[in-house]
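The model shown is predicted, which means the values in this text are computed figures rather than measured ones.
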Amino acid sequence: MQFRDAITQVDGLRYIVERLGLCSAASRNVLYDSEFLRSGEAVEAELALVARAGETDMTDVAIELGRVKDLRGSVSRLANGETLDDVELFEVKAFAMAASSVRTMTDIVAVPDVSAVVALLDPDRTGVAHFYVYDSYSQELQKVRRKLRDADEGNTAALYTENERLECEVRAQLSARLSPYAPVLREAAAALAHLDIAMAKAAQTRSLGLCRPTVATAETRYEGLFDPSLREALRARGREFQPVDITLGAGPTVVTGANMGGKTVLLRSLALAQTLFQFGFYIPARAAEIVIADGVRTVINEQRDEVSGLSSFAREVVRINEITAAVRRGERPLVLLDEPAHTTNPAEGAAIVGALLDFLAEHRVRSVITTHYSGVATAVERLRVRGFYGDTEDVTVDNIGDYMDYSLVADEGDDPPREALRIARILGADEKIIERATKHARVFSSLPDGK
């Protein structure tokens, strides 16, 4: 999976990208083309690079990187033996000069030596990032230009034509001499982009309060996991986001809790953190140890796919089929399922959840499944959102979120959360409806298995 694909699939990732202060637009293209890292060594190397970039004053480097243009088109033309125009030659020269400067400023990344390119495009050693078909490229051209300076205005047409012809020859000769340097220019461009991305990641670590995770092998553990975009939205309203601690073993973990309990936000945060981690970013938490996954597979209720014309349950089934097929192929993704089968009847829904948990437990798939269903017998880790604790007249529609405790605790029983009626009353639901619902709840709770 490339980063450009992850942006469209992982909620919250676009928020991160939009706040990534890259110096060069060329670096953004390289970031978008980057691949999901599938080894602990690759992730650790990228995180170490970000750490080094954050420990060093990179102000002068950033100035040089700000001059870098996207050279992919020009370098491809050179590799194909084509002739560059003055603008392209200028961009190659400016890039080579910037690369040479950065090479002397830092060794955080290995920037190839492109001084030969600078020498070709700056024959007079001006040290200025400007391109001109200099007289020193051609004695014949130098003579024609001298005649142009000395000639009367009415006798210059033939000289201008000759001047243009000779300049075209110089550009062709220069391009031919630059062509062998196309590979090293590509390497240098990749190195500068890599450095730029590492610097931007490091700066974002400070601005968003991210942490450097470590690669784990047994279990994934987060302390103070949070959603950066939701935290910002809450702060704009004078409220604070409550971070969550969670540990995920090798198999499935079931999370229960009332609506408004933050279960969907938890899944989104887990998906974002795993994705950032395996693209070499620091992650939104106080501390984290994360096991490498083959990918992140989600079925989250807030995601929409209306174009397909499928019902919500049908879309869910299609996505779950993709997950089970990937697991059977030997993949080990992080799987996040938000209340699977919640749109079907409770008996069948609970049966489907039970079957999914059996499958995920059998294949030891690291996964989190949120559900309201009780009575699922599969032996898995079970957590519960502490939930609503307000029971005073101070609770209103506007501040009810302040009375939710989103922390997770071990769930020892299998009773479903029973906070809906309390919350409905606080939100102003019709009291007669509440009374009737309370009577029905007593009847249903007295039946075996809630039938």
**Asked** Would you say the side chain of Leu270 lies within less than 4.5 Å of the side chain of Tyr222, judging by non-hydrogen atoms?
**Response** yes

**Message:** Between Phe131 and Leu121, is there a side-chain heavy-atom distance shorter than 4.5 Å?
**Reply:** yes

**Message:** Quick check against the 3.5 Å criterion: does Glu82 have a side-chain atom that pairs as donor or acceptor with the backbone of Ser74?
**Reply:** no

**Item:** Spacing of CG belonging to Asp338 relative to CD1 belonging to Ile369, to within rounding of 0.5 Å
**Value:** 11.0 Å

**Item:** Side chain Arg366, main chain Leu248, donor-acceptor under 3.5 Å
**Value:** yes

**Complete:** Nearest heavy-atom contact between Leu84 and Ser175 is N-OG, 2.9 Å

**Request:** Measure the shortest side-chain to side-chain distance between Leu22 and Ile197 over non-hydrogen atoms and say whether it is less than 4.5 angstrom.
**Result:** yes

**Message:** On a heavy-atom basis, which atom in Glu46 and which in Phe279 lie closest, and how many Å separate them?
**Reply:** CG-O, 4.4 Å

**Atom of Val114, atom of Ala96 and distance for their closest heavy-atom approach** = CG2-O, 3.5 Å

**Item:** Arg386 side chain to Ser407 backbone, donor-acceptor under 3.5 Å
**Value:** no

**Prompt:** Are more than 12 heavy atoms from other residues, nucleotides or ligands located less than 6.0 Å from atom CZ of Arg38?
**Reply:** yes

**Request:** Assess whether atom NZ of Lys69 is packed by more than 12 heavy atoms of other residues, nucleotides or ligands within 6.0 Å.
**Result:** no

**Prompt:** With no hydrogens and no angle check, is any side-chain donor or acceptor of Ser367 less than 3.5 Å from a backbone partner on Leu336?
**Reply:** no

**Prompt:** Can you find a pair of side-chain heavy atoms, one from Leu272 and one from Asp11, that are under 4.5 Å apart?
**Reply:** no

**Message:** Measuring only between side-chain heavy atoms, which start at C-beta, is Leu276 closer than 4.5 Å to Val10?
**Reply:** no

**Asked** With no hydrogens and no angle check, is any side-chain donor or acceptor of Thr370 less than 3.5 Å from a backbone partner on Glu339?
**Response** yes

**Request:** Establish, from distance only, whether the side-chain atoms of Ser24 and Asp196 form a donor-acceptor pair under 3.5 Å.
**Result:** no

**Request:** Taking all heavy atoms of Glu64 and all of Ser101, pick out the closest pair and write down the distance.
**Result:** CD-CB, 3.8 Å

**Asked** Rounded to the nearest 0.5 Å, what separation is found between the CZ atom of Phe277 and the CZ atom of Phe36?
**Response** 9.0 Å

**Asked** Backbone N or O of Ala190 within a donor-acceptor pair of the His194 side chain at under 3.5 Å?
**Response** no

**Prompt:** Which value, rounded to the nearest 0.5 Å, describes the distance between Asp57 atom CG and Thr106 atom OG1?
**Reply:** 11.0 Å

**Prompt:** Lys263 versus His372: any side-chain heavy-atom pair under 4.5 Å?
**Reply:** yes

**Item:** Non-hydrogen atoms of Cys23 and Leu65 that approach each other most closely
**Value:** CB-CB, 3.8 Å

**Fill in**
One should read off an interatomic distance between Glu18 CD and Leu13 CG, to the nearest 0.5 angstrom, of 10.0 Å

**Prompt:** Counting distance only, does the side-chain N/O of Arg52 pair as donor-acceptor with the main-chain N or O of Ala48 below 3.5 Å?
**Reply:** no

**Item:** side chain to side chain contact (heavy atoms under 4.5 Å, CB included) assessment of Gln278 paired with Met1
**Value:** CA-CA 11 Å; Gln278 292 193 236; Met1 174 175 65; over 6 Å; no

**Asked** Rounded to the nearest 0.5 Å, how far does OG of Ser269 lie from CZ of Arg231?
**Response** 11.0 Å

**Asked** Would you say Arg4 has more than 12 foreign heavy atoms packed within less than 6.0 Å of its CZ?
**Response** yes

**Request:** Step by step, work out the side chain to side chain contact (heavy atoms under 4.5 Å, CB included) result for Val265 and Phe241.
**Result:** CA-CA 11 Å; Val265 173; Phe241 184 96; 4.0 Å; yes

**Message:** Less than 4.5 Å apart, side chain to side chain, heavy atoms only: is that true for Gln204 and Ser207?
**Reply:** yes

**Request:** Please tell me if the side chains of Val299 and Pro340 come closer than 4.5 Å, counting only heavy atoms from C-beta onward.
**Result:** no

**Message:** Please find the pair of heavy atoms, one from Cys211 and one from Ala288, that lie closest to each other, and give the distance.
**Reply:** SG-N, 4.1 Å

**Request:** Could you walk me through whether Phe95 and Leu185 pass the side chain to side chain contact (heavy atoms under 4.5 Å, CB included) test, one step at a time?
**Result:** CA-CA 9 Å; Phe95 169 82; Leu185 285 170; 4.0 Å; yes

**Item:** Residues, nucleotides or ligands: over 12 heavy atoms within 6.0 Å of Glu44 CD
**Value:** yes

**Asked** Can any side-chain N or O of Glu88 pair as donor or acceptor with the backbone N or O of Asp85 at less than 3.5 Å?
**Response** yes

**Arg329/Glu331 salt bridge by N-O under 4.0 Å criterion** = yes

**Message:** Under the criterion side chain to side chain contact (heavy atoms under 4.5 Å, CB included), I'd like the reasoning laid out for Val43 against Ile290: C-alpha separation, chi angles, the key distance, then a yes or no.
**Reply:** CA-CA 11 Å; Val43 171; Ile290 308 175; over 6 Å; no

**Prompt:** Sub-3.5 Å donor-acceptor pair from the side chain of Asp294 to the main-chain atoms of Arg332, do we have one?
**Reply:** yes

**Request:** Nearest 0.5 Å please: distance from the OG1 atom of Thr324 over to the CG atom of Leu356.
**Result:** 8.5 Å

